[in-house]
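These notes are about the structure you will find just below.
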Amino acid sequence: MTRTRKRRCAWAGRQPHMTRYHDDEWGRPVHDDRTHFEMLLLEGAQAGLTWETILRRREGYRRAFASFDPVKVARFDADKKASLLRDAGIIRNRLKIDAAVANARAFLAVQREFGSFDAYVWRFVGGRPKVNRWKAMSEVPAATAESEALSNDLKKRGFRFVGRTIVYAYMQAVGLVNDHTLDCFLRRPASSRSGRQHGILTAGSQKSGPMAGGRM
């Protein structure tokens, strides 16, 4: 099957940049700290916008935020942040830019405490991807008990733009949860697609919130 003819989660649409992201990244377990930082930054930037808006600017964010290196971003000073407000390649929002720098510093603190951000974040799903069994995107919650727990802990650690809905989108993106709908061609467990060995938590093996919502 070609990329365009495959059955996908409804949010992926037909735009090539969206289908590539859906096919190649979304829901695949991440264990690289820089990728974790990238997705936290991008999901925070999405607040109040669509994911497509951010995805179209992804390379702009990569250039502006030092290839998502948290060590370098943590060193951004007032002059650097002011220059970012003039950068047309990103969302020029002062609060979001300030949050990205603050989050880089908080991210490094988590690494120091746990050895890696990856070791820290996977604890919130018991170290294994949680695989849900949604028939349609309308069934996918906007947040869950796990995303609320992670959101609350991140806030305590000084992270910003990490509300429970933003955090759930991040969890979906990095494969902490697999929310590909049952009719999606990527329905196979994310861990087997990624080549990494993990157990799988199916829906029902842990409690999650009942709130309704969607990816976008």
Side-chain angles (χ1 to χ4, degrees), residues 21 24-47 51 54-55 58-59 61-76 80-81 84 90-91 95-131 143-179 189-191 193-201 206 208 215:
Y21 174 72
D24 300 337
E25 297 185 63
W26 194 69
R28 294 178 184 256
V30 166
H31 294 285
D32 173 72
D33 269 15
R34 188 173 292 197
T35 305
H36 279 298
F37 181 66
E38 174 184 1
M39 298 316 298
L40 277 172
L41 191 157
L42 294 178
E43 293 292 357
Q46 182 194 350
W51 180 242
I54 300 303
L55 200 57
R58 190 177 193 177
E59 292 310 309
Y61 273 94
R62 193 181 309 280
R63 291 189 297 271
F65 288 93
S67 295
F68 303 111
D69 183 341
V71 174
K72 293 180 179 179
V73 176
R75 295 175 182 156
F76 284 8
K80 176 62 173 177
K81 289 191 283 187
L84 292 177
I90 65 173
I91 301 300
L95 292 177
K96 291 179 180 180
I97 291 170
D98 286 345
V101 178
N103 288 356
R105 295 166 183 166
F107 191 94
L108 297 179
V110 170
Q111 287 181 321
R112 288 191 294 269
E113 181 176 349
F114 292 90
S116 69
F117 189 85
D118 187 70
Y120 159 76
V121 77
W122 276 94
R123 300 178 313 130
F124 288 86
V125 290
R128 299 172 293 171
K130 180 177 179 181
V131 179
T144 64
E146 292 88 355
S147 76
E148 185 160 10
L150 177 54
S151 170
N152 290 339
D153 198 71
L154 289 170
K155 290 175 183 177
K156 290 177 183 177
R157 295 174 182 277
F159 287 81
R160 307 178 195 171
F161 280 89
V162 287
R164 62 185 187 178
T165 301
I166 290 173
V167 166
Y168 192 62
Y170 157 75
M171 294 174 73
Q172 292 172 313
V174 301
L176 293 172
V177 295
N178 181 340
D179 275 348
S191 58
R193 296 198 313 275
S194 69
R196 300 181 178 97
Q197 296 301 310
H198 287 286
I200 301 295
L201 287 176
Q206 282 186 297
S208 63
R215 172 65 183 82

Trp26 vs Asp179, side chain to side chain contact (heavy atoms under 4.5 Å, CB included): CA-CA, chis, key distance, verdict: CA-CA 9 Å; Trp26 194 69; Asp179 275 348; 3.9 Å; yes
Verdict with reasoning, Ser67 to Arg34, per side chain to side chain contact (heavy atoms under 4.5 Å, CB included): CA-CA 9 Å; Ser67 295; Arg34 188 173 292 197; 4.0 Å; yes
Worked check of side chain to side chain contact (heavy atoms under 4.5 Å, CB included) between Asp98 and Arg160: CA-CA 9 Å; Asp98 286 345; Arg160 307 178 195 171; 3.8 Å; yes
Residue pair Glu25, Arg58: steps toward the salt bridge (charged side-chain N to carboxylate O under 4.0 Å, His left out) verdict: CA-CA 14 Å; Glu25 297 185 63; Arg58 190 177 193 177; 2.7 Å; yes
Trace of the side chain to side chain contact (heavy atoms under 4.5 Å, CB included) decision for Ile90 with Ile97: CA-CA 10 Å; Ile90 65 173; Ile97 291 170; 4.2 Å; yes
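In this structure, Trp122 contributes its side chain and Val30 its backbone to a donor-acceptor pair below 3.5 Å. Between the Asp153 side chain and the Ala149 main chain, no donor and acceptor come within less than 3.5 Å of each other. Between the side chain of Ser151 and the backbone N or O of Val162, at least one donor-acceptor pair lies under 3.5 Å. A donor-acceptor distance shorter than 3.5 angstrom exists from the side chain of Tyr61 to the backbone of Ile91, with no hydrogens or angles considered. With Ser147 contributing its side chain and Val167 its backbone, the two residues share no donor-acceptor pair below 3.5 Å.
The shortest non-hydrogen separation linking Glu43 to Ala173 is OE2-CB, 3.8 Å. Taking every heavy atom of both residues into account, Asp69 and Val71 meet most closely at OD1-N, 3.0 Å. Contact detail for Phe161 and Ala99: the closest heavy-atom pair is CD1-CB, 3.5 Å. Here the closest heavy-atom approach between residue Gly158 and residue Ala106 is recorded as C-CB, 4.3 Å. The minimum heavy-atom distance between Pro129 and Gly175, with the atom names listed, is CB-O, 3.5 Å. Nearest heavy atoms, Asn103 versus Phe159: OD1-CA, 3.2 Å.
Distance NZ/Lys130 to CG/Leu176: 11.5 Å, rounded to 0.5 Å. Note that the CZ atom of Arg62 and the CG atom of Leu42 stand 8.0 Å from one another [nearest 0.5 Å]. Atom CZ of Arg164 is separated from atom CE of Met171 by 13.5 Å, given to the nearest 0.5 angstrom. Considering CZ of Phe37 and CZ of Phe65, their distance stands at 8.0 Å, rounded to 0.5 Å.
Applying the 6.0 Å contact sphere to CZ of Arg123 captures more than 12 heavy atoms from other residues, nucleotides or ligands.
Applying the salt bridge (charged side-chain N to carboxylate O under 4.0 Å, His left out) criterion to Asp118, with sequence neighbours excluded, gives no partner residue.
A heavy-atom distance below 4.5 Å is found between the side chains of Val101 and Lys81. The closest side-chain heavy-atom distance from Tyr170 to His36 is below 4.5 Å. Counting heavy atoms from C-beta on, the side chains of Leu150 and Tyr168 never come closer than 4.5 Å.
Between Phe117 and Tyr120, a ring centre-to-centre spacing shorter than 6.0 Å is recorded.
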